[in-house]
Structure formats: C-alpha cells, structure tokens
2 protein chains.
Amino acid sequence: MAVTMNDVARAAGVSLKTVSNVLNNYEFIKPATRQKVLDAIAELGYEANLTARSLRSGKSRMLGLVVSDLSVPYYAELASRLMTVAAARDYRVLVEQSAATRANELTALQGSLSQLTDGLLFTPLVLDADAIAAARRGTKPLVMLGEHIDDPRFDQVTMKNVGAAKAMTAHLLAGGRRRIAVIGASPGDGAGSPGLRLAGYREALAEAGVAFDPALIVPAEWRRDGGASAVARLLDGGQPFDAVFGLNDALALGAMHELLLRGVRVPEDAAVAGFDDIDEARFSSPSLTTVAPGMNEIAERCVQLLIDRIEGSEKADSGVHVEAQFELRIRASAPADRVSQLPQTGTSPASASAAEGKVDP
Amino acid sequence: MAVTMNDVARAAGVSLKTVSNVLNNYEFIKPATRQKVLDAIAELGYEANLTARSLRSGKSRMLGLVVSDLSVPYYAELASRLMTVAAARDYRVLVEQSAATRANELTALQGSLSQLTDGLLFTPLVLDADAIAAARRGTKPLVMLGEHIDDPRFDQVTMKNVGAAKAMTAHLLAGGRRRIAVIGASPGDGAGSPGLRLAGYREALAEAGVAFDPALIVPAEWRRDGGASAVARLLDGGQPFDAVFGLNDALALGAMHELLLRGVRVPEDAAVAGFDDIDEARFSSPSLTTVAPGMNEIAERCVQLLIDRIEGSEKADSGVHVEAQFELRIRASAPADRVSQLPQTGTSPASASAAEGKVDP
DNA sequence: CTGAAAGCGCTTACAG
DNA sequence: CTGAAAGCGCTTACAG
C-alpha cells in the first residue's frame with residue numbers, strides 16, 4: 001500500500017541501489033540521475049520506511065533516555081531540551097522511567113530500550129558502576145548523566161556539584177548566615193549528588209571558619225513534599241537555623257512552603273537556597289535563589305557525545321568526562337546582603353515558635 | 001551476533017514457526033513442545049528483535065504523544081502517567097514536541113512519528129478539525145487530547161472545562177468576590193480551553209447576577225511569565241479586582257508572584273485560583289486553589305481508547321468522546337470563606353498602589 | 001558511477 | 001498441532 005523504493009526505482013527508470021544512493025547522499029551520482037530519482041520521490045510522495053532501514057542497517061536514529069520520573073521538573077526540562085538538540089541532528093529521544101528501582105534500571109540497560117535505540121543517556125540512581133558494567137550487554141554507547149557514577153570506564157556529563165554548592169554556601173555565609181541547614185543529604189553521604197553537594201557545603205564552611213554541625217543535615221526524598229517534611233522535623237526538633245539549603249529546587253520550594261506556613265519569614269528569619277534553577281524558581285514567592293547548573297550545556301554536550309560515539313567520531317579509549325559551568329541566581333529568598341533586607345528589624349533565628357509570618361516577596 | 005529465532009528453533013529441535021507460535025501465545029501447542037522452546041529461549045538468552053517483528057507485522061507497540069512542550073508541568077505530568085499506563089499494556093510512548101506551530105503539528109501527523117507508532121495521542125493547538133482531517137494519511141488511530149478540537153469525526157478525551165470553570169467561579173463568588181479577573185483568554189474566545197473555561201466563568205456570573213466586564217478578561221501566553229505580565233498590565237491599568245482566575249496553574253502562579261511582588265495580599269486583597277492541579281500548586285505560598293481535572297482518568301482513558309482502536313476492540317463508527325470528572329481543590333490562595341480569613345480587616349480591592357505586602361501562607 | 005542479489009529477523013498465509 | 005516458503009522494505013557487499 002505505501003510507496004516503496006521499488007516503486008521509485010521503477011518510476012525513475014533506475015535500480016533500487018541508485019535510489020538508495022540518492023537517499024543516503026552517496027556523492028558519486030550523476031546530477032541527472034539524482035534529479036530523476038528526486039522527481040520520482042516527489043511525484044510519488046515516497047517516504048523511507050524507517051523500520052526496514054533500521055532492521056537492515058542496525059541503526060534506529062533513536063537515543064534512549066532513562067530518568068527516574070519524567071514528571072520531576074528538572075527531568076522534564078532536561079528531556080525537552082535533549083529532544084530539541086537531538087532533533088537538530090536528526091535523532092529522536094525515547095524516554096523510559098525507572099522509578100529509581102534497581103530492577104527497572106537493569107531492565108533499561110538490558111531490555112528492549114537498548115535494542116530500540118542506538119545509545120543510551122542514563123541517569124542511574126541505585127545501580128553503581130560495577131553493576132552497570134556487569135549488566136551491560138553488547139557495545140552500544142552509554143553516556144552517564146548526573147553524578148551517581150564517577151568512573152573512568154564510562155562517558156559522563158555532569159555539573160560542578162562541589163564547586164556550585166560551595167559557592168552557594170559561601171553566598172549564604174557572606175549574607176551573614178551561620179547556621180545553614182542542608183535538606184536532602186545525610187551527614188555521612190560521600191558520593192552521588194547529595195554527597196558532592198554536601199562536600200561543597202563543608203568546604204565553604206571550613207574556609208569561613210564555621211563549624212560543621214551534623215544536626216543541621218536533614219535527609220529527605222528529593223521532592224517538594226520531602227523538603228516540607230524535612231523542615232517540619234527541623235522546626236519540631238527545636239534546632240536553631242538561619243538558612244536552608246535545599247539540595248535541589250523541589251526540596252527548597254517544599255521547605256520554603258513549610259517555613260512560611262509555620263510563620264518563619266523568608267528571608268528575614270531564614271534564607272532559602274536551591275539547586276537546579278527550574279522555571280518554577282523564578283516565580284515562587286519569594287523567588288528562589290538557586291544554582292543554574294548549565295542545563296543547556298549539559299543537554300548539548302551529552303547528546304553530542306552520545307551521537308559522536310554512535311557515529312564513531314569520538315574515539316577516546318576511556319570515558320570522556322564533561323562538567324558544565326554553573327552560575328548562582330541570586331533572588332529574593334536569599335539576597336546578597338542580609339542587612340539591607342532588614343533595616344530596622346535585625347535578625348533572629350528561626351524556630352517553631354516564630355511569630356505570625358510576614359513575607360517580602 | 002545476537003541470538004535469533006533460528007538459533008532457538010535449532011536448539012529446541014523444532015521449526016521457526018513453532019518458536020513463533022510459542023512467543024505469540026498461540027494456544028494449540030503441545031505443552032511438551034512449548035516447554036522445549038521455552039527452555040531453549042532461557043538457555044540461549046534469546047530476546048525477540050522488535051524491529052524485525054515491527055517490519056513484518058506492521059505493529060510497533062509504540063504510541064505517539066504530541067504536545068507543544070514537554071517542559072510544561074501539565075504535559076510532563078501527563079506524559080509520565082501515560083507512559084506508566086501504556087507500559088501496563090506493553091506499549092511504549094514516543095513523545096514529540098510541536099512548539100505549537102502549524103508546521104510541526106502537520107509534521108507530527110504525517111511524518112515519521114506516525115510511521116513509527118501504531119497510533120497517536122495528539123494535543124493540537126493550532127490545527128483545526130478540518131486541517132487535521134485533511135492532513136491525516138493512512139488509517140492509524142488518532143485520539144485527540146484537550147479541547148481545541150470537538151468534532152464527531154475524532155475520538156477525544158477531555159476535561160469538563162465549562163463545568164469546572166463555572167464551579168471555580170461560583171466558589172470565588174461564594175467567598176464574596178465580585179470583580180474576578182480572568183487571565184489567559186480574550187473576551188471573544190469561543191472554542192478551545194480558553195473559550196470553554198471563559199464560558200463557564202460567564203455562566204457562574206450570570207447565575208449570581210454579577211455583570212460580565214470584558215475589561216477583566218486579560219489575554220496571556222499560558223506560562224508563568226504570561227500570568228505575571230498579565231497581572232502587571234491589569235494593575236497598571238488601574239482596573240479594580242478582588243480575585244484572579246488563571247486559566248491554568250502556570251498562569252495563576254505567575255499572576256500570584258506578580259501580585260505579591262506588587263504588595264497585593266493573597267487572598268486578603270485578591271484571591272487567586274488556577275486550573276490543572278499540578279504538583280507545584282500544593283507547595284506554592286500561599287498554596288493554590290485550583291481545579292483537579294482528573295488527570296489520572298484522562299491518562300487511563302485515552303491510552304485505553306487508543307489501544308482499543310489499534311487492536312480493533314473499539315469499533316464505534318464515529319468519534320468516542322470521553323470527559324473526565326473534575327474536583328475543586330480549595331487551598332489558601334482562595335479559601336472558602338473570605339470573612340473568616342480577615343476577622344478584623346475587612347476587604348479592599350487590589351490596586352497598583354496597595355500597601356506593603358503581608359501574606360498568610 | 002550503477003545494477004543484480006543476498007539478507008537483516010521476524011510473521012503470515014498455506015499446506016499437511 | 002507443526003513445517004517449509006515467502007516476503008515486510010530497506011542496505012550492503014560484490015561485480016562490472
């Protein structure tokens with residue numbers, strides 16, 4: 001029913017191979033022959049059957065993207081950009097959600113997703129480098145996204161977690177904050193985004209001569225509700241603090257929501273900072289100070305790296321590691337200068353018993 | 001290199017067809033034969049080549065999803081759910097972004113997306129029913145999402161736009177609001193989400209005996225920044241209002257951000273309501289009153305309808321139309337009772353000159 | 001520069 | 001219940 005290459009060949013009076021040559025931009029074709037073929041294609045409305053091409057050539061021009069949950073704003077924004085960047089090189093992106101479970105991450109690596117695609121952009125959250133190396137079958141390219149893995153065996157595109165968290169912490173310290181709670185990590189975390197960002201926090205504290213207090217490090221699921229309940233626990237525990245650093249924006253926004261609900265003023269009683277600079281951060285009330293981790297650069301570099309591996313133009317023997325540049329976005333939730341925000345009031349540490357809220361958005 | 005059906009057939013001592021029969025759950029196979037085949041599959045680690053299956057059978061077990069922009073929270077949350085629902089029926093979802101341009105919507109309908117998938121979930125924003133009917137090639141099933149199209153030729157899954165907007169407006173009126181600004185529509189809008197939601201708003205006003213004032217209807221791009229700038233124009237125009245109904249949550253959240261920035265108290269000076277109930281709405285400050293449009297139901301019904309069309313179990317001659325049930329989510333930005341919020345202050349209409357902001361989150 | 005043939009790995013009539 | 005053969009629509013060596 002659909003028009004095939006055979007129909008085109010017949011209409012143009014050439015062989016199948018010649019049509020294929022034209023479609024694949026083979027260079028040594030007589031202009032007249034090429035034109036005959038192009039005319040026939042246009043006249044018949046021929047479109048190549050991608051499935052047949054894929055079966056024969058072994059290439060699908062699809063990239064797989066594995067994230068835990070596409071409804072997480074950071075992943076949604078990343079996926080959207082990845083699709084746009086990939087489309088510019090004539091690739092599609094096929095997304096798979098892992099729900100951050102071991103079984104699903106293994107399936108993503110071994111199952112039909114990798115069969116359907118030419119390579120994978122993988123954000124592992126539970127599998128470690130050895131598990132991934134062991135699970136991997138075949139030789140299709142694999143680029144790691146995020147910071148859970150840091151291993152010379154793998155190509156990897158990340159953000160400057162340590163440096164960015166350090167810069168943000170330094171910003172809060174410069175604003176006069178001394179008891180900065182961290183939401184989304186455990187004191188002992190070493191690897192992955194939580195551990196790296198916590199390390200940056202500690203470096204900044206050390207340079208400023210501020211003691212590290214493990215009581216200020218509050219574990220939480222990296223979602224808005226996780227941030228909210230972490231702050232609730234912090235306030236209920238009576239631990240004084242004058243700033244909250246959510247290790248991603250969802251945590252920070254959830255934290256800010258709970259603070260305001262409890263009557264803690266932001267930024268007067270407690271500054272709030274996040275990490276990711278999702279679109280929502282600009283429009284929260286107060287707007288959220290956060291780290292812009294260079295998402296555009298991440299999207300471009302990882303698609304480019306993966307396609308270069310697929311097409312063989314990137315030949316490095318060991319893993320290529322790319323780190324995107326970050327920027328701080330200073331907004332109302334944690335302004336540069338604490339004093340200028342509060343000409344008359346002065347500062348008081350936040351607590352569960354803070355008075356009626358008053359917010360400067 | 002990969003294990004093929006032929007290898008399995010040889011190992012099991014049966015023909016290719018028998019292996020195929022086992023894989024496709026053909027019922028009349030001797031248990032012993034089936035077991036031999038299953039053993040061989042397990043031993044060799046055979047996995048069916050989906051591309052070959054797709055080429056031969058003409059079915060890919062992929063659904064196409066066309067939205068304007070996957071980074072829009074509503075679409076991200078919808079896509080995430082669609083994937084989960086589809087996966088339960090052993091289908092994948094391939095997403096394409098149209099950027100709400102005519103050219104891209106046509107491409108999505110005619111191009112390689114429809115070739116790669118067994119059917120399309122399509123959210124048209126610029127194409128109308130006739131254009132879609134004309135552009136459509138072949139006979140692959142197509143289910144419309146959203147309200148831009150309402151045409152008996154097409155299957156369609158929508159929300160109760162009119163009823164939900166009417167209920168929300170009635171809620172605002174019941175709270176004592178009389179000058180309710182609408183963000184995201186033009187006074188003349190008739191069709192699509194803006195027109196339908198505006199119609200619900202007008203019905204509620206009429207039933208309450210409140211006059212419709214076109215000066216309160218403010219057009220805007222359906223994004224956070226659109227909501228913010230629409231409110232800025234409204235305030236700058238000096239038009240008094242005591243509530244803002246953003247026709248989606250992004251608009252409402254952007255509007256709320258701008259109100260608070262200008263010192264307009266929410267909900268004291270102006271209540272704010274939205275539409276969609278994205279996750280963010282629960283965690284804004286104040287939390288956002290909005291319409292939950294039944295996204296789970298929408299996701300389930302549209303995937304089910306599309307797959308039933310693909311597999312032939314849905315045989316209706318004309319378009320099947322499904323409307324999901326909605327619920328109001330009453331939160332702090334527009335509580336049920338205005339007076340209880342303000343025991344001592346009373347009400348004053350918002351204006352650009354409103355005094356220093358004070359927010360009850 | 002172009003053609004005739006083989007084959008990617010399945011499913012699908014068609015026999016038996 | 002199972003087998004041998006054809007064919008989905010391409011690309012890829014191999015000739016010439």
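In what follows, every chain begins at residue 1, and chains take the letters A, B, ... in the order their sequences are listed.
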Completion exercise
Whole-Å distance, A/I41 CD1 to D/dG9 C1', equals 14 Å
Handout entry: A/I132 side chain reached by A/D130 side chain, heavy atoms, under 4.5 Å
Key = no
Practice task
Determine the contact category for B/S54: base if any of its heavy atoms lies under 4.0 Å from a base atom, sugar-phosphate if only primed atoms, P, OP1 or OP2 are that close, otherwise nothing.
Solution key: nothing
Practice task
Report the base-pairing partner of D/dA4 (Watson-Crick or G-U wobble, both distances below 3.5 angstrom), or none.
Solution key: none
Fill in the blank from the handout: Checking D/dC10, C/dC8, D/dA4 against the side chain of B/S15 (C-beta onward), the nearest is D/dA4
Practice task
Check the distance between D/dT12's P and A/L23's CG and give it to me in whole angstrom.
Solution key: 12 Å
Exercise for the section: Please check the phosphate of D/dC1 (OP1 and OP2 only) for any side-chain N or O of B/T33 closer than 4.0 Å. Expected result: no
Problem - Ionic contact status for A/D308 with A/R89, cut-off 4.0 Å - result: yes
Completion exercise
Per nearest nucleotide of DNA chain C, the residue lying toward the 5' end, B/K17 or B/N49, is B/N49
Exercise for the section: Remember a base hit wins even if backbone is also touched, and classify B/T51 as base, sugar-phosphate or nothing at under 4.0 Å, heavy atoms. Expected result: nothing
Practice task
Identify which nucleotide among C/dT2, D/dT11, D/dT2 has an atom closest to any side-chain atom of B/T18, counting heavy atoms from C-beta outward.
Solution key: D/dT2
Completion exercise
Note: for B/R56 and B/V14 on DNA chain D, the residue whose nearest nucleotide lies more 5' is B/V14
Exercise for the section: Evaluate whether atom CZ of A/R301 has more than 12 neighbouring non-hydrogen atoms of other residues, nucleotides or ligands under 6.0 angstrom away. Expected result: no
Practice task
With sequence neighbours left out, write down each residue that passes side chain to side chain contact (heavy atoms under 4.5 Å, CB included) with B/V22, or none if nothing qualifies.
Solution key: B/I29, B/R34, B/V37, B/L38
Practice task
Please check if the side chain of A/T18 supplies one atom and the backbone of A/V14 the other of a donor-acceptor pair under 3.5 Å.
Solution key: no
Practice task
Measure the distance from CZ on B/R61 to P on C/dC10 and round it to the nearest whole Å.
Solution key: 16 Å
Problem - Spacing of A/R34 atom CZ relative to C/dT2 atom P, expressed in whole Å - result: 10 Å
Problem - Which residue lies more 5' along DNA chain D, comparing B/P31 with B/S57 via nearest heavy atoms - result: B/P31
Practice task
Round to the nearest Å and state the distance from A/M5 atom CE to C/dC8 atom C1'.
Solution key: 15 Å
Exercise for the section: Both distances under 3.5 Å, Watson-Crick or G-U wobble: report the partner of D/dA13, or none. Expected result: none
Handout entry: Sugar-phosphate only, base, or nothing, as touched by B/I29 at under 4.0 Å among non-hydrogen atoms
Key = sugar-phosphate
Exercise for the section: Figure out the CG/P separation between B/N24 and C/dT12, and round it to whole Å. Expected result: 7 Å
Problem - Between P of C/dA15 and CG of B/N21, the distance in whole Å - result: 18 Å
Exercise for the section: Rounded off to whole Å, could you give me the NZ-to-C1' distance for the A/K36 and C/dT2 pair? Expected result: 11 Å
